[in-house]
*Asks:* 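I have a structure here, written as structure tokens, and I will follow up with some questions on it.
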Amino acid sequence: MAIDPRSHTPVYVQLADILRERIDAGELAPGSALPSEARMTQEYGVGREAVRMSISLLRSEGLVNTVRGHGSYVRDFPQRRQVEVPPGASVVARMPSGRERRAMQLDEGVPVLEIRDAKGDVEILPADEVELTRPPA
């Protein structure tokens with residue numbers, strides 16, 4: 001897939017689409033490094049800012065994480081644990097506060113699930129680590 005600089009779609013979005021497709025296809029496996037900025041600027045004929053913006057977009061989607069001075073990597077997706085939502089509870093998906101993200105050591109772009117039970121007690125869980133289930137009827 002090539003970048004079309006005349007397209008109405010911004011160049012950084014086109015590059016993010018290419019990288020996302022490579023991740024989805026398994027070409028860039030979990031834990032593997034993304035190509036360097038220099039390599040992507042050469043390979044795709046885009047500027048460094050477009051490369052940085054595309055990686056930022058993928059990071060906001062929770063697909064990659066960046067380690068300062070070491071590059072960007074495809075995120076490993078943790079094993080999900082099942083959490084039963086009690087009868088009468090409500091669940092809200094939202095982005096975490098900065099404090100919550102640090103406390104739960106969440107990568108950028110990972111939402112949280114706020115489970116409020118019938119008594120009003122709240123449990124906040126990382127959305128990429130849980131699978132919500134309902135009790136049997």
Side-chain angles (χ1 to χ4, degrees):
M1 187 169 182
I3 304 257
D4 179 2
R6 293 179 305 274
S7 170
H8 292 292
T9 303
V11 170
Y12 79 95
V13 173
Q14 293 180 60
L15 179 56
D17 290 344
I18 291 169
L19 295 172
R20 192 180 305 103
E21 285 179 17
R22 291 178 65 189
I23 292 168
D24 290 344
E27 187 180 329
L28 291 170
S32 67
L34 294 183
S36 68
E37 281 184 14
R39 181 168 172 206
M40 284 194 269
T41 59
Q42 282 186 317
E43 186 175 338
Y44 298 105
V46 297
R48 289 179 65 161
E49 189 60 26
V51 172
R52 290 177 181 165
M53 288 174 67
S54 69
I55 292 171
S56 178
L57 179 59
L58 295 175
R59 201 171 38 247
S60 74
E61 295 172 1
L63 291 175
V64 302
N65 60 7
T66 301
V67 179
R68 190 174 297 256
H70 294 281
S72 296
Y73 299 85
V74 178
R75 281 191 66 234
D76 283 318
F77 290 96
Q79 187 74 15
R80 292 183 189 264
R81 63 186 169 92
Q82 291 190 337
V83 173
E84 189 173 289
V85 178
S90 65
V91 179
V92 174
R94 63 175 175 80
M95 296 308 293
S97 68
R99 188 174 50 132
E100 290 169 331
R101 190 162 45 89
R102 286 187 297 278
M104 290 188 257
Q105 298 180 335
L106 298 174
D107 289 329
E108 187 179 333
V110 176
V112 293
L113 299 174
E114 184 178 287
I115 302 172
R116 186 175 309 269
D117 68 17
K119 292 183 263 178
D121 294 330
V122 176
E123 183 177 13
I124 299 174
L125 302 168
D128 65 341
E129 295 180 12
V130 298
E131 176 183 348
L132 299 178
T133 62
R134 296 186 308 195

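If you read the sequence from its start, that first residue is 1, and numbering goes on from there.
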*Asks:* How close do Pro135 and Val85 get, counting heavy atoms only, and between which atoms?
*Replies:* CD-O, 3.2 Å
*Asks:* What is the minimum heavy-atom distance between Leu58 and Ala16, and which atoms define it?
*Replies:*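 Scanning both residues, the minimum pair turns out to be CD2-O, 3.8 Å.
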*Asks:* Applying a strict under-4.5 Å side-chain criterion to I, L, V, M, F, W and Y, I'd like to know whether Val122 and Met104 cluster together.
*Replies:* yes
*Asks:* Looking only at heavy atoms, which two atoms of Gln14 and Thr9 are closest? And how far apart?
*Replies:* NE2-O, 2.9 Å
*Asks:* Out of curiosity, Glu37 CD to Ser54 OG, how far, rounded to the nearest 0.5 Å?
*Replies:*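 Here the interatomic distance stands at 9.0 Å.
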*Asks:* Is it possible for you to say whether Tyr73 and Ile23 belong to one hydrophobic cluster, with membership spreading through side-chain heavy-atom contacts below 4.5 Å?
*Replies:*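 In one cluster with Tyr73: Ile23, no.
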*Asks:* Does atom OH of Tyr12 have more than 12 heavy-atom neighbours from other groups under 6.0 Å away?
*Replies:* no
*Asks:* Please name the pair of heavy atoms, one in Ala118 and one in Pro87, separated by the smallest distance, quoted to 0.1 Å.
*Replies:*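 Closest heavy-atom pair between Ala118 and Pro87: CB-O, 4.5 Å.
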*Asks:* So, for Ile115 and Ala89, which heavy atoms are closest and what is the spacing to 0.1 Å?
*Replies:* CG2-CB, 4.4 Å
*Asks:* In terms of hydrophobic clustering (I, L, V, M, F, W, Y; side-chain heavy atoms under 4.5 Å; direct or indirect links), are Val13 and Leu28 co-clustered?
*Replies:*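 No, it is not one cluster - the side chains of Val13 and Leu28 are not joined through contacts under 4.5 Å.
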*Asks:* Hydrophobic clustering (ILVMFWY, side-chain heavy atoms < 4.5 Å, transitive) - are Val64 and Ile18 grouped together?
*Replies:* yes
*Asks:* Report the distance from atom CZ of Arg22 to atom OG of Ser32, rounding to the nearest 0.5 Å.
*Replies:*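 If I round to the nearest 0.5 Å, the distance is 8.5 Å.
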*Asks:* With hydrophobic residues grouped by side-chain heavy-atom distances under 4.5 Å, do Val110 and Leu132 end up in a single group?
*Replies:*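 Different hydrophobic clusters.
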*Asks:* Just checking Arg94: does its CZ atom have more than 12 heavy atoms from other residues, nucleotides or ligands closer to it than 6.0 angstrom?
*Replies:*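 More than 12 within 6.0 Å, yes.
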*Asks:* Taking Glu131 first and then Arg80, would you say they form a salt bridge - that is, a charged N and a carboxylate O separated by under 4.0 Å?
*Replies:* no
*Asks:* Could you state the interatomic distance from CG (Leu34) to CZ (Arg59), rounded to the nearest 0.5 Å?
*Replies:*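 Atom-to-atom, Leu34:CG and Arg59:CZ are 10.0 Å apart.
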*Asks:* Would Glu114 and Val112 count as a side-chain contact (heavy atoms from CB on, under 4.5 Å) here? Give the steps.
*Replies:* CA-CA 6 Å; Glu114 184 178 287; Val112 293; 5.7 Å; no
*Asks:* Taking the side chain as every heavy atom from C-beta outward, state whether Val46 and Met53 have any pair of such atoms under 4.5 Å apart.
*Replies:*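 No, side chains not in contact.
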*Asks:* Can you find a pair of side-chain heavy atoms, one from Leu63 and one from Arg20, that are under 4.5 Å apart?
*Replies:* yes
*Asks:* Between atom CG of Leu113 and atom CD of Glu129, what is the distance when rounded to the nearest 0.5 Å?
*Replies:*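 The distance works out to 10.5 Å.
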*Asks:* If you round to the nearest 0.5 Å, how far is OG1 of Thr66 from CG of Asp107?
*Replies:*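 Reported value, rounded in 0.5 Å steps: 9.5 Å.
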*Asks:* Work out which heavy atom in Leu15 is nearest to a heavy atom in Tyr44; give both atom names and the distance.
*Replies:* CD1-CD1, 3.5 Å
*Asks:* To the nearest 0.5 Å, what is the distance between CG (Leu19) and CD1 (Ile55)?
*Replies:* 7.0 Å
